[in-house]
Every structure is written in C-alpha cells, then in structure tokens.
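Just below is one structure, and these are the notes that go with it.
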Amino acid sequence: MSSYTGPLRTCIRALKYQGQKRLAGPLGTLLAQAYATYQLQADLIVPVPLHTERIKQRGYSQLLAKVCATQLHVPLETSLLTRVRPTAAQVNLKPSERQRNVANAFRCTSPSSIQMVKGKRIVLIDDVCTTGATLGACAAPLFAAGAQSVWGLVLARPL
C-alpha cells in the first residue's frame, strides 16, 4: 500500500473515472506485489463489489482483482459478495458518514456462496482505503458466513 498521491493517484483516478482500463494490469500487479510483501495467504480473492448503477458508470469493478488473482494463482470469486443497495460515493463523505453510508450494503449472495466462505481465508481487493468503512462493511457478511479471516488489500491510502 502506498500513499494516495502523485502518479499512483493519477493512475487510480484514470482507471476509475476515465475508463483507462489498460492501467488495470500494472495496478493489479502492484496489488500482487503487496500481497507477496505482506506474506498474505488467501483461499479466495474477492473484489469489493460495485452496485450495478456504478458498474455502468465506471465498468472497472473486477479488473484489479482479476489481474491480482491471476498473477497469484488464487481463485477469484466475483459473485460471492453483492452490494445490495446503491450507496453514495465515499469520496465526498466525512469519516463519520462513511460508516453509515455502507452499513448493511453488502451480503453473501446465496446459500452456496455462504458454504464457499466457511473456514476460508479471504482477501478483499479495493483501490483506495480512507477510513476502512467499505472494507469493514464487506468483511462483516463474510465473517457472518464463517470466514476464517478477511484481509483488505488496497493500492493506496490517503495520508
């Protein structure tokens, strides 16, 4: 994880808001390198899901996780966790508002996905972590479904 400044910030924003999907490769590689550096061990990689409305706007939802999982040879599960309601973009919210914004916004999608989670070590992939509210809201249903551990792996964090 690096600080959300300079060229990294420019690249993340270009992928996220300008549709520069070619940046998913190098950014996903950075995630894979961080995974190795921190000596994480995962049974599954799960991207933080976007709501369908946001996918239409941005379309990059699974790309970073796909590149990372492919390089690490760890299974990618893109349908395990679902965002069940649209939420406001976190970027414009105060820290106290972020928790409320994403509370109960995520759910394991089906009984079979719940079975898939039991006893597993899961790494959640996201682009930027500011307060950890989104990662925490994603981890809650995974732990409720019986995950052994849930780690968040992100590209950057604001200083």
Side-chain angles (χ1 to χ4, degrees), residues 1-95 97-103 105-109 113 121-142 150-159:
M1 175 176 55
S2 297
S3 96
Y4 188 52
T5 59
L8 181 58
R9 182 177 191 269
T10 300
C11 289
I12 292 170
R13 292 180 62 78
L15 173 65
K16 200 169 179 172
Y17 301 115
Q18 298 164 13
Q20 299 289 325
K21 292 180 182 178
R22 63 187 168 79
L23 293 169
L27 292 173
T29 297
L30 288 175
L31 286 167
Q33 290 169 347
Y35 177 99
T37 298
Y38 293 113
Q39 300 178 354
L40 297 175
Q41 296 293 316
D43 300 306
L44 301 171
I45 290 182
V46 177
V48 168
L50 293 174
H51 192 269
T52 51
E53 294 172 14
R54 191 83 32 93
I55 291 171
K56 290 175 190 171
Q57 293 170 357
R58 297 185 189 164
Y60 80 99
S61 172
Q62 318 298 337
L63 296 176
L64 293 173
K66 183 177 181 181
V67 171
C68 182
T70 299
Q71 290 186 13
L72 297 170
H73 306 289
V74 175
L76 174 67
E77 287 298 330
T78 59
S79 60
L80 186 69
L81 197 60
T82 302
R83 189 179 292 244
V84 294
R85 63 178 176 79
T87 56
Q90 295 280 80
V91 70
N92 298 317
L93 301 178
K94 296 176 185 172
E97 298 170 324
R98 289 172 182 242
Q99 295 278 351
R100 285 191 303 272
N101 184 46
V102 293
F106 303 96
R107 185 172 298 139
C108 285
T109 54
S113 65
R121 299 167 299 178
I122 298 171
V123 170
L124 289 167
I125 301 288
D126 205 1
D127 54 355
V128 178
C129 176
T130 303
T131 63
T134 301
L135 292 171
C138 287
L142 295 171
V150 180
W151 291 89
L153 182 60
V154 299
L155 288 166
R157 184 174 186 113
L159 292 177

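Atom-to-atom distance recorded for Ile125:CD1 and Leu64:CG is 8.0 Å, nearest 0.5 angstrom. Going from atom CD1 of Ile45 over to atom CG of Leu80 covers 12.5 Å, rounded to the nearest 0.5 Å. The distance from the CG atom of Asn101 to the OG1 atom of Thr134 is 7.5 Å, given to the nearest 0.5 Å. Leu8 CG to Asp127 CG: the interatomic distance, rounded to the nearest 0.5 Å, is 9.5 Å. Taken from CG in Leu50 to CG in Asp126, the straight-line distance is 8.5 Å, to the nearest 0.5 Å. Rounding to the nearest 0.5 Å gives a distance of 8.5 Å between CD of Gln39 and OG1 of Thr37.
The shortest non-hydrogen separation linking Ala65 to Pro47 is CB-CB, 3.7 Å. Of all the heavy atoms in Ala24 and Val67, the pair that sits closest is O-CG2, 3.7 Å. Smallest separation of non-hydrogen atoms from Cys138 and Pro141: O-CD, 3.2 Å. Of all heavy-atom pairs between Leu27 and Cys11, the closest is CD1-O, 4.0 Å. Val102 and Ala133 make their closest contact through CG2-O, 3.5 Å (heavy atoms, listed as atom of the first residue, atom of the second, distance). Annotation for Leu153 and Leu40: closest pair CD1-CD1, 4.3 Å, computed over non-hydrogen atoms.
Looking at heavy atoms from C-beta onward, Arg83 lies in side-chain contact with Val48 at the 4.5 angstrom threshold. Side-chain contact between Pro158 and Val128 is present, with heavy atoms from C-beta onward closer than 4.5 Å. Residues Leu30 and Leu155 meet the side-chain proximity criterion, which asks for heavy atoms closer than 4.5 Å. Looking only at side-chain heavy atoms (C-beta outward), Thr130 and Gln90 stay at 4.5 Å or farther from each other.
Of the possible polar contacts, one joining the Tyr35 side chain to the Ala42 backbone as a donor-acceptor pair under 3.5 Å is found.
Sorted by first and then second residue, the side chain to side chain donor-acceptor pair (under 3.5 Å) pairs with a member in residues 4-14 read Ser3-Thr5; sequence neighbours excluded. Within the structure, salt bridge (charged side-chain N to carboxylate O under 4.0 Å, His left out) pairs that include any residue of residues 84-93 do not occur (at least two apart or interchain). For residues 38-50, the salt bridge (charged side-chain N to carboxylate O under 4.0 Å, His left out) pairs, not counting sequence neighbours, are Asp43-Arg121.
For the side chain to side chain donor-acceptor pair (under 3.5 Å) test, residues two or more places apart in sequence or in another chain that qualify with Gln20 are Arg22. Thr109 meets the side-chain contact (heavy atoms from CB on, under 4.5 Å) test with Thr82, Ser113; sequence neighbours excluded. Residues satisfying the side-chain contact (heavy atoms from CB on, under 4.5 Å) test with Ala36, not counting sequence neighbours, are none.
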Apply the test side-chain contact (heavy atoms from CB on, under 4.5 Å) to residues Leu124 and Leu142: give CA-CA distance (whole Å), side-chain angles for both, the deciding distance (0.1 Å), then the verdict. CA-CA 10 Å; Leu124 289 167; Leu142 295 171; 3.9 Å; yes
What verdict does the side-chain contact (heavy atoms from CB on, under 4.5 Å) test give for Leu76 and Thr78, after you've listed the backbone C-alpha separation in whole Å, the side-chain angles of each residue and the deciding distance to 0.1 Å? CA-CA 6 Å; Leu76 174 67; Thr78 59; 3.7 Å; yes
Could you please spell out the steps behind the side-chain contact (heavy atoms from CB on, under 4.5 Å) verdict for Val123 and Leu72? CA-CA 12 Å; Val123 170; Leu72 297 170; over 6 Å; no
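Donor-acceptor pairing under 3.5 Å is recorded for the side chains of Gln71 and Thr29.
More than 12 heavy atoms of other residues, nucleotides or ligands sit less than 6.0 Å from atom CZ of Arg98.
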